[in-house]
Protein chains: 2
Amino acid sequence: MSVPKFAQIKEFILENIRSGAWQENHRVPSENELSNQFKVSRMTARRALSELTDAGILTRSQGLGTFVASFKSQSSLLEIKNIADEVKARSNHYSCTILVMESISAIAPIAIALGVEVDSHVYRSVIVHNENEQPLQVEERFVNPALAKDYLQQDFHSLTPHEYLSQNAPLTEARHTVEAIMPNQEMCEWLNLYNEEPCLQVIRRTWSSQGIVSFARLVSPGSKYRLGGHLTFKK
Amino acid sequence: MSVPKFAQIKEFILENIRSGAWQENHRVPSENELSNQFKVSRMTARRALSELTDAGILTRSQGLGTFVASFKSQSSLLEIKNIADEVKARSNHYSCTILVMESISAIAPIAIALGVEVDSHVYRSVIVHNENEQPLQVEERFVNPALAKDYLQQDFHSLTPHEYLSQNAPLTEARHTVEAIMPNQEMCEWLNLYNEEPCLQVIRRTWSSQGIVSFARLVSPGSKYRLGGHLTFKK
DNA sequence: CAACTCACCTTGTATATACAAGATAATTAT
DNA sequence: ATAATTATCTTGTATATACAAGGTGAGTTG
């Protein structure tokens, strides 16, 4: 079978939405109507509707019917990719410089972000990620030592901290915020910025089932780095 | 039935992943094994595996089996929400000031971004979105007149441009980029910035089935606005 | 020994059937 | 006329069954 029946029905529905024939909240044919129309079983028609619902394109409610989802409910998304992969994808040379690997005493804001006691010791690393030997991003990371005992013994030239941590303590959740900031003196030196320029700062906290694993601050010059996103009606 | 069987099986699989018992690329039980283990039909076991696969948590391949997806393939996502909704969600007062509503002749970069001829006329609007009467974001938008003829006649106090456009020309695709920039003189005035400060700039292009609908530039002061994101292993 | 065939596992597609449960409209009883 | 019931539509869950098609390994054949 070249193209499965359930896929044909999905395409039929998507085409009606794309053409504008079925606007937001328009009622789409029921499972029974589709199964008669396309001469398939109800389960096959159901599969088409279910998959489009999972994709956020339709909404269903028991007893009422199936409807075209309102665009508002479709969130516009931005992806945060692994920086090493991103550089390599542009077929440029990736390298990194490890500036700091230490165990420090956690001041209040860091202790709170990591969910540990104030003044308990935590690991801290500062790494500069380079694209063709030019600094692209500074990664300052604080790590909960209870969940990654041998963090300071790692060689992060071969494996990024994020890769190491996600292998060690399976990730269950992550939160991000993105801001525009002005870098301080130290950050300017790390990034080789002679003239002050605005930077994009991503703060990322990651959880595993045992608690907060790490807290990272990723800073990139506004002129060299941007985040990209993409939203589409799935085909 | 309190909790459906397929959901119980999903939870069983997720729990094994969350606990770390099943690492990346670990092989999960086959449909037949699960159906024996849980005393359900193969179709029910299959549903659990299929839904987790659609969610990006598992990967399957015919003839081989089903495996825990590698974490790398799970993208970390940031949401861009409707600014009016966001302000109202903080239970603050939303208002907007319409600065410009005009028809202009498209210079090259704008014409290219909109996919129209250079020097053809396009619509332009500049709107300031306020939170409690303080400027929060400037929205400069260029609109393809072929796809939104009466754009200039709209009253954007009641309906945001984005809402109007997505009702008028059904949206099929959107692309974003996020950058950190330094605002120019004009932008500082619009945002009421006395001291220069870095700003977050989102560029958004939206498509409908008939072509590129609009091209928007959203600028917010770094001190007042940030983007938030959230990633989790779906329950 | 190498190459081929075949059995057996896996996932993928499709159907027919059954009953549960939510929503609505028509009917019936009060 | 209003309230309660019923019929009928919808989606949701679950099973048994059938065949297709991809991948692996064991055994057979040359």
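Residue numbers start from 1 in every chain, and the chains themselves are labelled A, B, ... in the order their sequence lines are given, proteins ahead of strands. Owing to the predicted nature of the structure, the values given are computational and were not obtained by experimental measurement.
Side chain of A:Asn132 to backbone of A:Gln134: no donor-acceptor contact under 3.5 angstrom is found. In terms of modelled atom types and a separation under 3.5 Å, the side chain of B:Glu163 and the main chain of B:Thr160 share a donor-acceptor contact. In terms of modelled atom types and a separation under 3.5 Å, the side chain of A:Gln167 and the main chain of A:Tyr164 share no donor-acceptor contact.
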| said: Determine whether B:Glu79 and B:Lys81 satisfy the following criterion, salt bridge (charged side-chain N to carboxylate O under 4.0 Å, His left out), listing intermediate values before the conclusion. | reply: CA-CA 6 Å; B:Glu79 282 183 64; B:Lys81 296 172 196 140; 5.3 Å; no
### Task
Could you walk me through whether A:Ser208 and A:Leu171 pass side chain to side chain contact (heavy atoms under 4.5 Å, CB included), step by step?
CA-CA 5 Å; A:Ser208 82; A:Leu171 201 60; 5.7 Å; no
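Using a 3.5 Å distance cut-off with no hydrogens or angles, the side chains of A:Glu131 and A:His93 do not pair a donor with an acceptor. For the 3.5 Å distance criterion, the side chains of A:Thr97 and A:Asn130 qualify, holding a donor opposite an acceptor.
The nearest whole Å value for the distance from the CD1 atom in A:Ile9 to the C1' atom in C:dA14 is 11 Å. Atom CG of A:Leu64 is separated from atom P of D:dT10 by 11 Å (rounded to the nearest Å). Atom CD of A:Gln62 and atom C1' of D:dT11 are 5 Å apart (whole Å). One can place CD of B:Glu51 at 11 Å from C1' of D:dT13, the figure rounded to the nearest angstrom. In this entry the distance linking NZ of B:Lys5 with P of D:dT13 reads 13 Å, nearest Å. Taking atom CZ on B:Phe38 and atom P on D:dT13, their separation rounds to 17 Å, with Å as the unit. Protein atom CZ of A:Arg46 is 8 Å distant from nucleotide atom C1' of D:dT13, rounded to whole Å. Atom CG of A:Leu49 is separated from atom P of D:dT13 by 14 Å (rounded to the nearest Å).
At least one side-chain nitrogen or oxygen of A:Arg47 sits closer than 4.0 Å to the OP1 or OP2 atom of C:dT13. OP1 or OP2 of D:dT15 sits under 4.0 Å from a side-chain N or O of B:Thr44. Residue A:Ser41 places none of its side-chain N or O atoms closer than 4.0 Å to OP1 or OP2 of C:dA16. Look at A:Thr66 and you'll find a side-chain N or O under 4.0 angstrom from OP1 or OP2 of D:dT11. Put simply, B:Asn32 has a side-chain N or O that comes within less than 4.0 Å of OP1 or OP2 on C:dT10. In terms of phosphate contacts, B:Ser61 brings no side-chain nitrogen or oxygen within less than 4.0 Å of OP1 or OP2 of C:dT11. OP1 or OP2 of C:dT10 has not a single side-chain nitrogen or oxygen of B:Arg60 nearer than 4.0 Å.
Less than 4.0 Å separates DNA chain C from no heavy atom of any residue of residues 21-29 of chain A.
Proximity of the aromatic rings of B:Phe156 and B:Tyr151 is defined here by a centroid distance below 6.0 angstrom, and this criterion is met. Under the 6.0 Å cut-off for aromatic ring centres, A:Trp207 and A:Phe215 do not qualify, their centroids lying 6.0 Å or more apart.
Residue B:Phe6 places its side chain closer to D:dT13 than to any other of D:dG22, D:dT13, C:dA20. Listed nucleotides: C:dG12, C:dA16, D:dT13. Nearest to the side chain of B:Pro4: D:dT13.
Along DNA chain C, the nucleotide closest to A:Lys39 and the one closest to B:Ser50 are compared, and the more 5′ of them pairs with B:Ser50.
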At a cut-off of 3.5 Å, list every protein nitrogen or oxygen paired with a nitrogen or oxygen from nucleotides 17-19 of chain D, distance to 0.1 Å.
{"from": "D:dA18", "atom 1": "N6", "to": "B:Arg42", "atom 2": "NH1", "distance (Å)": "3.4"}

Contacts under 3.5 angstrom, residues 61-68 of chain B side chains, donor-acceptor by atom type, not counting sequence neighbours:
{"from": "B:Thr66", "atom 1": "OG1", "to": "B:Arg60", "atom 2": "NE", "distance (Å)": "3.1"}
{"from": "B:Thr66", "atom 1": "OG1", "to": "B:Arg60", "atom 2": "NH2", "distance (Å)": "3.4"}

